[in-house]
Amino acid sequence: MVLLDGLPALCVHLAFDNFAQTLGVTLALVVAYRCFVLQRDDLPELNPRKPYELTDRRRVHEFVQNSKQLLAKGRELYAHKPYKLMSEWGSVVVLPPEQIDELKSDPRMDFETPTTEDSHGYIKGFDAFDADPSMTQVVTKYLTKALNKLTGPISHEAAIATREVLGTHPDWRELHPAKDLLQLVARMSTRVFLGEEMCRNHEWIEASSQYAALAFSVGDKLRIYPRTVRPLVHWFMPSCWELRRSLRRCRESLKPYIKKRKSLAGAVDEQGKPLKFDDSIEWFERELGPNHDAALKQVTLSVVAIHTTTDLLLQTMTDLAQNPEVLHAIREEVIHVLGSEGLSKISLHGLKLMDSALKESQRLRPTLLGSFRRQATSDIKLKNGFVLRKGTRVVVDNTHMWHPDYYTDPLRYDGFRFFNKRNTPGEDKNTLLVSTSANHLGFGHGVHACPGRFFASNEIKIALCHIILKYEWRLPDGFKPQPLNLGMTYLSDPTIRMSVRPRKPEIDIERLTSQTA
Ligand code: HEM
């Protein structure tokens, strides 16, 4: 009986003890969680989960629809301080631009992991989005170094492509600029990447342009699913099958050219010298050896280079159509500089007002609302004591480029803005299109800043010289372009229409081109 009496008592005692222990352990875990885990998360959150929400679906959806407004709100609420945000790139810490300079060259800030992850580079079909350092090496070591000798060929292709794309009929003609300018830029770029034969190969130009556009839209569809299920779910998505077909089409269209090149590798020219190629296939081969996937590298090059460049050209032409006084001043500049110095890398450098207008268009409408996307590979303590925890993803939002703390009269388009700064002592730093800084993140900043910006800048200037001298253009009456804002992406109005008609050029740029080549 004692035993029986004692057992329940013991059980109650033990149960109580267990309860107390459980409570104790739970409390300890909560405290530990708050101290160690929440410490990583103790930043304010711009768009937190609601108490009943089990997933981030609503938050991501709302961010994608209203990112511009949300980021502006974040700037207002947490000016100059970091905060957390749920975006289509997952959970990110938004850093104030003032903190970039401390981190821009820090090797612990990984560029490749978040870039590959966010653009699904680990999924079949998105292979061209697998961020790879060889791309930067090729651009920096070969493309940028070759800019001097590339001015002639790029301009030569621009002459042919503008005639074909913008036409020669004396009447006004409507363009679909997002498509037509893409073709122009694709031809000029491919002239450099793959040479004269491939830049006029319609199948390659169309296949590669279509792949990039499709990958961006399919990528958005895939982002609806949580990251953990994406490696599985894509096998059941018809849009992903289509993307894989599109990549196969790119490979197929390049195959004959790559094969022909290989068979010519041992051949000699008329003078008996071995045939040497100086194109991007050759550059990648020098960096990666003969066994790399040459076709895939070309698709990646097209993805990173062509749409971005087209977007800046289109935005600049749109802004100039709305600001004819700037357009006329740039035309005068082109006539004066090219007329007196000819066409060369150096004279392109002398197009200071054009450079300023390009940088201003990029300031007001960068291609991304979030730049400097990085992931900390270990804990990083900043000078102000803030600790960026290992694994944290960061971005710097670009809305500061529209804020009076950074630019005077920031929402007004002023094509002369950077031209005037360049000539003002004390303000003359980082005023070139290609110079990156925390204040202007159009090309990112730091060790991973866009390496292709020198090429892009020259290419757009050459295209604009041809267009400005040979054409006038206008937007439909009363049309106010509305940029397309989807999450972190911020693009030119895709519905925009423009009319063009030929004009009599004051100088013969084609003659200048032949003197350059
Ligand atoms: C107007 C045209 C372009 C714009 C607006 C642009 C923009 C950017 C931006 C914002 C980044 C990320 C930088 C960062 O996070 O700090 C980037 C990276 C990159 N861009 Fe561009 N880009 C353009 C043209 C090009 C061209 C023409 C090429 C190649 C020929 C190119 C190749 C690359 C590469 C390889 C990277 C990755 C850099 C790395 O891995 O460190 N881009 N670009």
Side-chain angles (χ1 to χ4, degrees), residues 89 92 95 97 100-101 103-107 109-116 118-119 121 128-147 150 154 181-182 185-186 188-194 212 279-280 283-284 287 297-316 355 358-359 361-363 365-375 393-398 401 433-434 436-438 440-464 488-492:
W89 292 349
V92 291
L95 291 176
I100 288 196
D101 279 326
L103 293 168
K104 69 181 169 101
S105 309
D106 194 318
M109 297 302 280
D110 176 12
F111 171 86
E112 279 146 32
T113 308
T115 307
T116 301
D118 293 340
S119 41
F129 290 82
D130 190 0
D132 159 15
S134 72
M135 196 55 65
T136 298
Q137 276 156 17
V138 162
V139 174
T140 311
K141 267 174 83 173
Y142 304 93
L143 180 64
T144 308
K145 290 213 173 116
L147 284 181
L150 291 177
I154 299 175
L181 295 180
L182 181 71
V185 172
M188 292 169 73
S189 311
T190 310
R191 172 73 191 251
V192 172
F193 301 158
L194 288 169
D279 59 13
S280 62
W283 302 336
F284 278 110
E287 285 305 298
K297 291 290 162 224
Q298 290 309 313
V299 181
T300 306
L301 202 48
S302 148
V303 165
V304 294
I306 293 172
H307 286 258
T308 45
T309 305
T310 305
D311 183 62
L312 181 54
L313 175 61
L314 170 53
Q315 188 59 48
T316 306
D355 192 273
L358 286 162
K359 198 172 179 80
S361 289
Q362 200 186 38
R363 178 185 74 82
R365 235 235 55 251
T367 43
L368 289 172
L369 288 177
S371 272
F372 199 73
R373 173 176 27 178
R374 308 284 187 267
Q375 180 166 323
R393 293 218 175 154
V394 304
V395 295
V396 175
D397 82 295
N398 277 333
M401 298 207 278
L433 174 64
V434 292
T436 68
S437 70
H440 194 307
L441 295 171
F443 285 115
H445 192 36
V447 281
H448 293 287
C450 176
R453 62 192 189 279
F454 305 95
F455 173 69
S457 162
N458 276 21
E459 187 178 36
I460 297 179
K461 284 178 187 167
I462 293 170
L464 270 178
M488 293 294 188
T489 311
Y490 195 43
L491 297 173
S492 290

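As the structure lists them, so they are numbered: ligands from 1, and atoms in each ligand from 1.
With a 4.0 Å cut-off on non-hydrogen atoms, Q362 touches ligand 1 through its side chain and not its backbone. Of the heavy atoms in E112, none comes closer than 4.0 Å to ligand 1. Only side-chain heavy atoms of L143 come within less than 4.0 Å of ligand 1; its backbone N, CA, C and O stay farther off.
Judged purely by atom type and a 3.5 angstrom limit, H440 uses its side chain to pair as donor or acceptor with the backbone of K359.
The two residues A212 and V303 make their nearest non-hydrogen contact at CB-CG2, 4.0 Å. Shown here for F284 and Q298, the closest heavy-atom pair between the two residues is CD1-NE2, 4.2 Å. Of all heavy-atom pairs spanning L143 and L150, the tightest one is CD1-CD1, 4.0 Å. Annotation for N398 and S371: closest pair ND2-OG, 3.2 Å, computed over non-hydrogen atoms. When all heavy atoms are compared, the tightest approach of K297 to M135 is O-CE, 3.8 Å. Taking every heavy atom of both residues into account, G442 and M401 meet most closely at N-CE, 4.2 Å.
The nearest protein atom to atom 41 (O) of ligand 1, hydrogens excluded, is given as H448 ND1, 2.6 Å; this is a heavy-atom distance. With respect to atom 35 (C) of ligand 1, the closest heavy atom belonging to the protein is M135 CG, 3.5 Å. For atom 15 (O) of ligand 1, the nearest non-hydrogen atom of the protein is R374 NH1, 2.9 Å.
The contact set between ligand 1 and T309, taken as ligand atoms under 4.0 Å from a residue heavy atom, comprises 1 (C), 2 (C), 27 (C). Taking a cut-off of under 4.0 Å to the non-hydrogen atoms of H445, the atoms of ligand 1 that pass are 16 (O). Heavy-atom proximity to T136, at under 4.0 Å, picks out these atoms of ligand 1: 35 (C), 38 (C), 39 (C), 40 (O), 41 (O). Each of the atoms 5 (C), 7 (C), 10 (C) of ligand 1 lies under 4.0 Å from some heavy atom of G442.
Take a cut-off of 2.8 Å around atom 21 (Fe) of ligand 1: the protein N, O or S atoms inside it are C450 SG.
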Let me have the donor-acceptor pairs involving side chains of residues 449-456, under 3.5 Å, with sequence neighbours excluded, atom names and distances please.
from, atom 1, to, atom 2, distance (Å)
R453, NE, V434, O, 2.7
R453, NH1, C450, O, 2.6

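Not a single heavy atom of S371 lies less than 4.0 angstrom from ligand 1.
Under the 4.0 Å criterion applied to side-chain N and carboxylate O atoms, D118 and R393 are assigned as salt-bridge partners.
S280 is not listed as a side-chain neighbour of Y142, based on a closest heavy-atom distance of 4.5 Å or more.
The only option from T116, T115, D110 that meets the side chain to side chain donor-acceptor pair (under 3.5 Å) definition with T113 turns out to be D110.
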